[in-house]
Number of protein chains: 2
Amino acid sequence: MRRSKKPFDLARMFAALADPTRLRLLNLMDGREICVCYFVEILKQSQPKISRHLAYLRNAGIVSARREGKWMHYRIERPEDTGGAAVLDAALRSFKGNRQMQADLAVLRKACCEPRGLVMLQGAPAPVPMATGVA
Amino acid sequence: MRRSKKPFDLARMFAALADPTRLRLLNLMDGREICVCYFVEILKQSQPKISRHLAYLRNAGIVSARREGKWMHYRIERPEDTGGAAVLDAALRSFKGNRQMQADLAVLRKACCEPRGLVMLQGAPAPVPMATGVA
DNA sequence: CCATTATATACGCCTTGACAGATATATCTT
DNA sequence: AAGATATATCTGTCAAGGCGTATATAATGG
């Protein structure tokens with residue numbers, strides 16, 4: 001049976017972006033693959049809450065997950081749809097000028113340099129930079 | 001009392017964009033000021049529904065309204081926030097590749113050329129092109 | 001002033017999704 | 001197999017917001 005590719009749902013993507021916690025998660029994932037424990041530690045939010053928002057982003061097709069032992073790594077999955085990808089890129093770029101987002105990235109950098117400082121992150125796999133995909 | 005400018009709420013803007021009807025409205029407003037009756041006629045949706053969605057966009061600061069006699073004209077209001085404006089622009093551009101959006105614009109063009117054909121639009125003020133603001 | 005037209009808002013119903021807190025699942029370690 | 005750890009899902013509660021229908025408001029024309 002013909003399974004024609006479902007058309008990209010822009011409104012759905014916007015719904016996925018319509019939450020401050022999810023935006024912060026995407027900001028942290030921008031340009032790297034990163035483990036759930038980092039999100040929990042950096043955003044200082046409950047683990048179930050982080051996990052639910054990640055699930056939402058997964059269902060919306062914006063991020064993908066990869067398991068590595070006990071750890072789950074999340075990364076941004078740029079939509080194939082050109083318009084969708086452009087919107088997502090614009091969103092990610094807009095984070096650059098946002099205080100909160102800058103602060104989150106600062107904490108991430110610090111956590112990566114000295115994970116022993118963050119009890120939660122001892123032994124956790126460090127985030128891995130990725131090609132951005134943005135030409 | 002200090003009324004410092006409230007910071008632009010990106011998540012809120014995304015929430016405003018997270019509805020197909022509102023996206024269709026924005027598409028029709030892209031580059032022109034246009035009267036409510038056109039929305040009702042082109043989207044073939046109930047007048048209260050259209051009006052509610054326009055109110056939502058107004059509250060989100062994405063559009064502004066201007067009264068002219070019985071008619072209300074709506075236009076897109078680009079956010080002052082650079083990132084917000086960039087996201088909105090990307091969204092508007094993404095409509096270009098969308099069937100539905102293209103079809104809506106085709107109906108609009110037709111309605112403008114021969115408003116007598118649309119009973120609802122007899123005597124209604126025609127949409128007026130605007131500078132896009134996108135440099 | 002009354003009717004008509006254009007638009008906005010109110011009401012009631014229903015779904016989605018946010019949250020906290022409890023619990024389930026997967027993996028590793030011993 | 002029995003913890004321990006990392007993450008996911010379930011449960012119940014609540015607020016936001018979608019819809020249709022009814023009604024309110026604003027402007028215009030007799």
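So that the names make sense, note that chain A is the first sequence line, chain B the second, and so on, each numbered from 1.
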Original post:
Nearest of D:dC19, D:dC10, D:dG18 to any side-chain atom of A:Arg52?
Top reply: D:dC10

Original post:
In whole angstroms, how far is the C1' atom of D:dT7 from the CZ atom of A:Arg58?
Top reply: 10 Å

Original post:
Where the side chain of A:Trp71 is concerned, which of D:dT7, D:dT21, C:dG17 is the nearest nucleotide?
Top reply: D:dT7

Original post:
Rounded to whole angstrom units, what separation is found between the CE atom of B:Met72 and the C1' atom of D:dT25?
Top reply: 12 Å

Subject >> Check: A:Pro20 main-chain N/O paired with A:Arg24 side-chain donor or acceptor under 3.5 Å >> reply: no

Subject >> Distance-only donor-acceptor check, side chains A:Tyr74 and A:Arg66, under 3.5 Å >> reply: no

Original post:
Salt-bridged, B:Asp30 to B:Lys96, with N to O below 4.0 Å?
Top reply: yes

Original post:
Any side-chain heavy atom of B:Leu88 sitting closer than 4.5 Å to one from B:Met13?
Top reply: yes

Subject >> Atom pair distance, as rounded to whole Å: OH in B:Tyr56 and C1' in D:dG18 >> reply: 11 Å

Subject >> Atom-to-atom span, CD1 of A:Ile50 to P of C:dC19 - whole angstrom >> reply: 10 Å

**OP:** May I ask you to verify if any side-chain N or O of A:Lys49 is less than 4.0 angstrom from the OP1 or OP2 atom of C:dC19?
**Re:** yes

Original post:
D:dT28 P sits how many Å from B:Glu68 CD, rounded?
Top reply: 10 Å

Original post:
Does C:dA8 have OP1 or OP2 sitting under 4.0 Å from an N or O in the side chain of B:Arg67?
Top reply: no

Original post:
Between the base of C:dA8 and the side chain of B:Gln47, is there a donor-acceptor distance below 3.5 Å?
Top reply: yes

**OP:** Identify, between A:Gly69 and A:Arg22, the residue whose nearest nucleotide on DNA chain C lies closer to the 5' end.
**Re:** A:Arg22

Subject >> Separation of atom CG in B:Leu17 from atom P in D:dG17, rounded to whole Å >> reply: 14 Å

**OP:** Identify which nucleotide among D:dA8, C:dC19, C:dT9 has an atom closest to any side-chain atom of A:Tyr74, counting heavy atoms from C-beta outward.
**Re:** D:dA8

Original post:
Checking B:Arg67 side chain against B:Gly69 main chain: does a donor-acceptor pair fall under 3.5 Å?
Top reply: yes

Original post:
What integer distance in Å separates B:His73:NE2 from C:dT7:C1'?
Top reply: 12 Å

Original post:
Of the nucleotides D:dT9, C:dA8, D:dT7, which has the atom closest to the B:Val36 side chain?
Top reply: C:dA8

Original post:
B:Lys70 has a side chain; which of D:dT28, C:dA18, D:dT7 sits nearest to it?
Top reply: D:dT28

**OP:** Give a yes/no answer on whether the side chain of A:His53 brings an N or O atom under 4.0 Å of OP1 or OP2 in C:dG17.
**Re:** no

Original post:
B:Asn59 has an atom CG; how far is it from atom P of D:dA16, in whole Å?
Top reply: 13 Å

